[in-house]
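Residue numbers begin at 1 in each chain, while the letters A, B, ... track the order of the sequences. Every value quoted in this text rests on a predicted model; they were computed, and no experiment measured them. These numbers come from the heavy atoms of this one structure, side chains and all, not from hydrogens, waters or symmetry mates.
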There are 2 protein chains.
Amino acid sequence: MKAKNTSFDIAYRAGVSQSTVSRALRDSPLVNEETRKRVQEIAKELNYKVDKHASSLRTQQSQTIALLLFEDPTNDDSLINPFFLSMLGSITRACSNRGYDLLVSFQQMNNDWHADFEDTRKADGIILLGYGDYLSYREKLIQLTEQETHFVRWGAEVKELPVVSVGCDNFHGGQQLTEHLLNNGRTHFAFLGGVSNGAPEFKDRYLGHCHALEQANISVDPALQFDAISTEESGYEAMQILIKSNKHVDAIFAASDLIAVGALKAMQEYNIKVPEDIAIVGFDDIPIASFTYPALTTARQNTVLAGELLVDKLLELISGEQAQTRLMATTLVVRESCGSKR
Amino acid sequence: MKAKNTSFDIAYRAGVSQSTVSRALRDSPLVNEETRKRVQEIAKELNYKVDKHASSLRTQQSQTIALLLFEDPTNDDSLINPFFLSMLGSITRACSNRGYDLLVSFQQMNNDWHADFEDTRKADGIILLGYGDYLSYREKLIQLTEQETHFVRWGAEVKELPVVSVGCDNFHGGQQLTEHLLNNGRTHFAFLGGVSNGAPEFKDRYLGHCHALEQANISVDPALQFDAISTEESGYEAMQILIKSNKHVDAIFAASDLIAVGALKAMQEYNIKVPEDIAIVGFDDIPIASFTYPALTTARQNTVLAGELLVDKLLELISGEQAQTRLMATTLVVRESCGSKR
DNA sequence: CTGAAAGCGCTTACAG
DNA sequence: CTGAAAGCGCTTACAG
């Protein structure tokens, strides 16, 4: 590669000092209008760009955000939950709109990730993304907090820790979807998804689901909750177990769209008609949800807003302000999988 | 945030010079074994990490790769082709295995992207990812080459330019899938996907498809090629047009799995039985392909290998070596959508 | 094997 | 409004 120009080269050509070049390029008011123009033109002409490392070293900030994406270790290499991927898209966009670069990194929970990014000053702050049990990495969150690292996370609120989270109102979403099923005359429910403490999102959806049932005077049978993680495969397997159990069910609450897709496939194989025999709802509204057959009724999480909120709150933290945890409402998206249009 | 420790702090505590600290931390052979251990222990204890900007500034390399993902402008905000997303996953992993960070950026074709990353020294090299017409950004490729920027791209070979690409053998993949359909007794084919120069991947698949048909003495009817971009929506619409045209067809070649998913939905709505009435194949083998009903026969692109190849070839370029364009073979994945098991 | 010193390319107080 | 100078935190030739 050719030797790059430095601000000194620009200064030489413009006949000014290097300090003036630096000021002109940063639109400092301390520089004459004409000088500024001339410098900027020369810089453009020579295709000069300010060296990121030098300026970061000097200013002690990198204008970069690190996104740590935690993978479900049960997933294989290339499987990434599409919901997180659409989040990744909106986070990337939000960063770039705000003049920040985004460093992306996939992490296993067991890694020594907690100290790596801000400490090397690669990033001014960190976004933590991934479903799952914050209890299992509670200590790392504490350590991050103690180090005064700037970070925000996606997911359920962590009540005991001073951690800023952005998440969606899973309880209310679960309630909403269940009420929709009830309104369509369904009476016998099963829930597909693990509800341990290790899956707080699914658990909240389940609690909202149960709450709605109780409001309708339907008692909840724990035997009708089937564990599943958020993959098609897992949903497929859970649905098969349900079918083979011969329990009478006319409505399925799948804890995620991916689970619903797997469940749909199992039902098709067993010739169960959806929604005639069994209605089903998912959660997330991933792109495929409109293209299953029948199309999936689900609860949309606003990933675009979520990405922006995560970035904005992190930026607030970075600039020393306070930031609040935020729970976003979900939107009921009615399609055909429950047999009605509302 | 607390003031961070520098190598001088470590040096002070270890009772050595800062130079020695630097050497010890980089496992230089020029440092006494014991000294090295002591320094490393102290560094660990103080949670010291080498400042990335300082070392990058000094060594003139950033240990960072930039991934520019080009979006189809027809797509909305959160829609990213799942195929690229799985590629993103494997690229991220490949980078981190090789000690590189990954900067991710979404780009519109019309942007001034071509000069931004390596020039600011944020990255040592660039990976270009996105379907589409390299002709439309031919000039930018030329400019990148002239600037001696290190870059590789995913996609069809660019014969006229000295550009390193990694792509898959779309022609052969198209041929393979078509032969599979022929082997299953299909005789009347339609192709769903745009085949203009602006979509070289789809075009190659189409050419492979046509080649296989000709080999089987089936003449190709251009009227049975229907434009579609790689979305479910577009596949759905193309399939509707095909159905309404009342042309007799017993096999569909969808240029991507996403298109196939949309086409499947249209067929289900029209009560067309797959594979009994019409067989269908996709391309890519995205995760959903195993969970459509019936499951989709398709051509797998090895995204894990692709990611590694892209990163490795870029690293070769960065270290001043030559690198060759590489075409990867696709794998036929037989599932149920063609009515056979082989 | 170790240390003192130069220098990577900027930004910004300081002096004018 | 402009310039000379210090300094961000490293790495590495140079001297010992």
Side-chain angles (χ1 to χ4, degrees), chain A residues 1-40 42-43 46-64 99 101 118-124, chain B residues 1-40 42-43 46-64 99 101 118-124:
Chain A
M1 192 175 346
K2 298 174 201 165
K4 299 276 165 168
N5 291 309
T6 70
S7 50
F8 284 92
D9 298 313
I10 309 298
Y12 177 75
R13 305 231 184 183
V16 295
S17 74
Q18 181 268 340
S19 338
T20 301
V21 170
S22 178
R23 289 195 192 95
L25 259 20
R26 329 189 79 241
D27 285 322
S28 160
L30 289 177
V31 76
N32 181 305
E33 176 65 18
E34 271 176 43
T35 318
R36 188 174 60 68
K37 263 195 195 146
R38 187 153 39 90
V39 169
Q40 292 189 347
I42 293 172
L46 295 187
N47 210 358
Y48 168 78
K49 298 274 162 50
V50 172
D51 184 301
K52 189 83 184 310
H53 301 298
S55 75
S56 293
L57 176 58
R58 179 55 229 245
T59 59
Q60 296 295 320
Q61 49 172 347
S62 61
Q63 292 284 102
T64 299
D101 287 320
E118 212 175 280
D119 279 357
T120 56
R121 301 197 193 257
K122 290 179 200 172
D124 299 330
Chain B
M1 191 176 344
K2 297 172 201 164
K4 299 276 165 164
N5 291 310
T6 72
S7 49
F8 284 93
D9 299 313
I10 310 297
Y12 177 77
R13 303 229 185 184
V16 295
S17 75
Q18 182 267 340
S19 338
T20 300
V21 170
S22 179
R23 289 195 191 94
L25 259 20
R26 327 189 82 240
D27 285 322
S28 161
L30 289 176
V31 75
N32 181 305
E33 176 64 19
E34 271 177 42
T35 318
R36 189 174 60 69
K37 263 195 193 143
R38 186 153 41 89
V39 169
Q40 290 190 348
I42 292 172
L46 296 187
N47 209 358
Y48 168 78
K49 298 274 161 52
V50 171
D51 184 301
K52 189 80 183 315
H53 301 298
S55 73
S56 293
L57 176 58
R58 181 52 231 245
T59 59
Q60 295 295 319
Q61 50 173 345
S62 61
Q63 292 283 104
T64 300
D101 287 320
E118 210 174 283
D119 279 357
T120 56
R121 300 195 193 258
K122 290 178 200 172
D124 298 331

Out of [options], which nucleotide sits closest to the side chain of [X]?
{"X": "A:Ala54", "options": "D:dT11, C:dC10, C:dG3", "value": "C:dC10"}
{"X": "A:Ser19", "options": "C:dG9, D:dT2, D:dG3", "value": "D:dG3"}
{"X": "A:Asn32", "options": "D:dC10, D:dT2, C:dT11", "value": "D:dT2"}
{"X": "B:Ser55", "options": "D:dG7, C:dT2, D:dT11", "value": "D:dT11"}
{"X": "A:Leu30", "options": "D:dC1, C:dT12, D:dC10", "value": "D:dC1"}
{"X": "B:Thr20", "options": "C:dT2, C:dT12, D:dG9", "value": "C:dT2"}
{"X": "B:Phe8", "options": "C:dG9, D:dC10, D:dT2", "value": "D:dC10"}

May I ask you to verify whether the side chain of A:Arg23 and the base of D:dG3 hold a donor-acceptor pair under 3.5 Å?
yes
Give [X] one of three labels, base, sugar-phosphate or nothing, depending on what nucleic acid heavy atoms sit under 4.0 Å from its own.
{"X": "B:Ser22", "result": "base"}
{"X": "B:Thr35", "result": "sugar-phosphate"}
{"X": "B:Ser7", "result": "sugar-phosphate"}

What distance, rounded to whole Å, do you find between the two [atom1] atoms, one in [N] and one in [M]?
{"N": "D:dT2", "M": "D:dA6", "atom1": "P", "value": "23 Å"}
{"N": "D:dG16", "M": "D:dT12", "atom1": "C1'", "value": "16 Å"}
{"N": "C:dA13", "M": "C:dG9", "atom1": "P", "value": "23 Å"}

Before accepting this row, confirm whether a basic side-chain N of the pair A:Glu33/A:Arg36 lies closer than 4.0 Å to the acidic partner's carboxylate O.
yes
Do the side-chain N and O atoms of B:Ser62 and A:Lys52 include a donor-acceptor pair separated by under 3.5 angstrom?
no
First encountered from the 5' end of DNA chain D, between B:Tyr48 and A:Ser17:
A:Ser17
Could you tell me the separation between the NZ atom of A:Lys49 and the C1' atom of C:dG9, rounded to a whole number of Å?
16 Å
Rounded off to whole Å, could you give me the CZ-to-C1' distance for the B:Arg38 and C:dC1 pair?
13 Å
Taking pairing as Watson-Crick or G-U wobble with both contacts under 3.5 Å, can you name the mate of C:dC14, or confirm there isn't one?
D:dG3
